[in-house]
Amino acid sequence: MKLNITTLEGKDAGSVELSDEIFGLEPRKDLIQRCVNWQLAKRQAGTHKAQGRADVWRTGKKMYKQKGTGGARHGSARVPQFRGGGRAFGPVVRSHAHDLPKKVRALALRHALSAKAKDGGLIVVDNVAIKDAKTKTLTGHFSGLGLTNALIIDGAELHNGFAAAARNIPNIDVLPIQGINVYDILRRQKLVLTKAAVDALEARFK
């Protein structure tokens, strides 16, 4: 598929031929959902924890005699039935991560890119280098391009001035090509790729 290249100032900078193997697939929601679930599960801290009966510091002496009280039989005061006792089946520290094959993750990324291209949410710019690295200047450029909610992917190394200027703009994320992922692509309305990012993606998947 063919897509026009623009500059940050909104000027025409030619066109680029995008690979149909990366940007021209029919998006599969099941693959994309699996990858998003994998990403979100992997980043969960899993540090929630409640005290069990083994974690409660109390005497283990039998509370009262076995028979003759008219009440239920009880031994330790650490059990969940009593106030201050341990919680039964409470949360424990654990990892929520699960496995997802590398080929499935790569395929899901291609389908997410294709979904953006199909919806018209894909923009290609020649580069993101700016002379005046000011947030106000960059906001004006984004306004001209109609970018209010976007993920911007640059090459292997981010342009320091651009990254610093974009840092304070809400709903704008800037990542190097190594950090491109399905979840961040989907959570923003627009996906902006530099020419270097397009070349890196085609080299990666070919």
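Computed from a prediction, not measured in an experiment: that's the story for all the values here. The chain is numbered in sequence order, starting from 1. These values consider heavy atoms only, across backbone and side chains, with no hydrogens, waters or symmetry-generated copies.
- Inter-residue side-chain proximity for Leu122 and Leu3 is flagged as met; some heavy-atom pair is nearer than 4.5 Å.
- Looking at Phe205 and Leu107, their side chains never come closer than 4.5 Å, going by heavy atoms from C-beta outward.
- By the 4.5 Å heavy-atom criterion applied to side chains, Thr6 and Lys11 are not counted as neighbours.
- Considering CG of Leu40 and OH of Tyr183, their distance stands at 5.5 Å, rounded to 0.5 Å.
- Side-chain contact of Asn4 with Ser15: a donor-acceptor pair under 3.5 Å is absent, judged by distance alone.
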Please walk me through it: do Thr137 and Asp132 pass side-chain hydrogen bond (donor to acceptor under 3.5 Å, both in side chains)? CA-CA 7 Å; Thr137 304; Asp132 187 14; 3.1 Å; yes
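- Not one N or O on the side chain of Ser143 forms a donor-acceptor pair closer than 3.5 Å with the backbone of Thr139.
- Ion pairing of Asp55 with Arg78 is absent here, as no side-chain N (NZ or NE/NH1/NH2) approaches a carboxylate O to less than 4.0 Å.
- At least one side-chain heavy atom of Met1 sits under 4.5 Å from a side-chain heavy atom of Asp20.
- Proximity of Asp154 to Ile177: side-chain heavy atoms (C-beta onward) are nowhere separated by under 4.5 Å.
- For the pair Gln189 (side chain) and Asn149 (backbone), a donor-acceptor distance under 3.5 Å is absent.
- Between Ser76 and Val79, the shortest heavy-atom contact is O-CG2, 3.5 Å.
- Between the side chain of Trp38 and the backbone N or O of Asp99 there is no donor-acceptor pair closer than 3.5 Å.
- Taking every heavy atom of both residues into account, Thr135 and Ala165 meet most closely at OG1-O, 2.9 Å.
- Listed for the His111 side chain is no donor-acceptor partner under 3.5 Å among the backbone atoms of Ile32.
- Scanning both residues, Pro27 and Ser114, for their nearest heavy atoms gives CG-C, 4.2 Å.
- Between the CD atom in Glu157 and the CD atom in Gln178 there is a gap of 8.5 Å [rounded to 0.5 Å].
- Residues Gln51 and Trp57 have side chains not in contact (no heavy-atom distance under 4.5 Å, counting atoms from C-beta outward).
- The hydrophobic clustering, which links ILVMFWY residues whose side-chain heavy atoms are closer than 4.5 Å, places Ile5 and Leu151 together.
- His74 is listed as a side-chain neighbour of Phe82, based on a closest heavy-atom distance under 4.5 Å.
- With values rounded to the nearest 0.5 angstrom, Asn168 atom CG is found 11.0 Å from Leu138 atom CG.
- When each of Leu25, Leu201, Val182 is tested with Arg110 by the rule side-chain contact (heavy atoms from CB on, under 4.5 Å), just one qualifies, namely Leu25.
- For CZ of Arg187, the number of neighbouring non-hydrogen atoms (other residues, nucleotides, ligands) closer than 6.0 Å is greater than 12.
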Which is it for Leu158 and Val128 under the side chain to side chain contact (heavy atoms under 4.5 Å, CB included) test, yes or no, and what are the steps along the way? CA-CA 9 Å; Leu158 291 176; Val128 292; over 6 Å; no
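- Using a distance-only test at 3.5 Å, with no hydrogens or angles considered, a donor-acceptor pair links the side chain of Arg105 to the main chain of Leu100.
- The residues Lys206 and Glu21 are annotated as not salt-bridged, no charged nitrogen and carboxylate oxygen being separated by less than 4.0 angstrom.
- Contact detail for Pro176 and Ala156: the closest heavy-atom pair is CB-O, 3.9 Å.
- Heavy atoms of other residues, nucleotides or ligands lying less than 6.0 angstrom from NZ of Lys134 number 12 at most.
- Heavy-atom contacts from other residues, nucleotides or ligands closer than 6.0 Å to CZ of Arg167 number 12 or fewer.
- Remark: the Thr7 side chain and the Asp126 side chain contain no N/O donor-acceptor pair separated by less than 3.5 Å.
- No side-chain donor-acceptor contact under 3.5 Å links Glu9 to the backbone of His141.
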Show your working on side chain to side chain contact (heavy atoms under 4.5 Å, CB included) between Arg188 and Ile152 and close with a plain yes or no. CA-CA 10 Å; Arg188 296 301 179 201; Ile152 302 168; over 6 Å; no
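- Smallest separation of non-hydrogen atoms from Gly155 and Ala196: CA-CB, 4.1 Å.
- Under the 4.5 Å side-chain heavy-atom criterion for grouping Ile, Leu, Val, Met, Phe, Trp and Tyr, Leu147 is not connected to Leu175 through any hydrophobic cluster.
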Start with the C-alpha gap between Ile153 and Val192, add the side-chain angles, then the distance that decides, and say whether side chain to side chain contact (heavy atoms under 4.5 Å, CB included) holds. CA-CA 6 Å; Ile153 304 294; Val192 180; over 6 Å; no
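- Between Asp30 and Arg34 there is no salt bridge, since none of the side-chain N atoms of the basic residue sits less than 4.0 Å from a carboxylate O of the acidic one.
- The two residues Lys116 and Ile185 make their nearest non-hydrogen contact at CE-O, 3.0 Å.
- Asn127 places no side-chain N or O within 3.5 Å of a backbone atom of Val125 that could act as its donor or acceptor partner.
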Applying side chain to side chain contact (heavy atoms under 4.5 Å, CB included), run through Leu109 and Asn181 and close with a yes or a no. CA-CA 7 Å; Leu109 178 58; Asn181 63 88; 5.9 Å; no
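- Residues Leu186 and Val174 are members of separate hydrophobic clusters, defined by side-chain heavy-atom contacts under 4.5 angstrom among Ile, Leu, Val, Met, Phe, Trp and Tyr.
- Counted within 6.0 Å of CG on Asp12, heavy atoms from surrounding residues, nucleotides or ligands total more than 12; the atom is thus considered enclosed.
- Both Ile172 and Ile123 are assigned to one and the same hydrophobic cluster, defined by single-linkage of ILVMFWY side chains at heavy-atom distances under 4.5 Å.
- A distance of 10.5 Å separates OG1 of Thr69 from CE of Met63, quoted to the nearest 0.5 Å.
- Between His96 and His48, the angle of the ring planes lies from 30° to 60°, which puts this pair in the tilted group.
- Side-chain contact between Asn171 and Thr148: absent, with no pair of heavy atoms (C-beta onward) separated by less than 4.5 Å.
- If you chain together hydrophobic residues whose side chains sit under 4.5 Å apart, Leu193 and Val16 fall into the same group.
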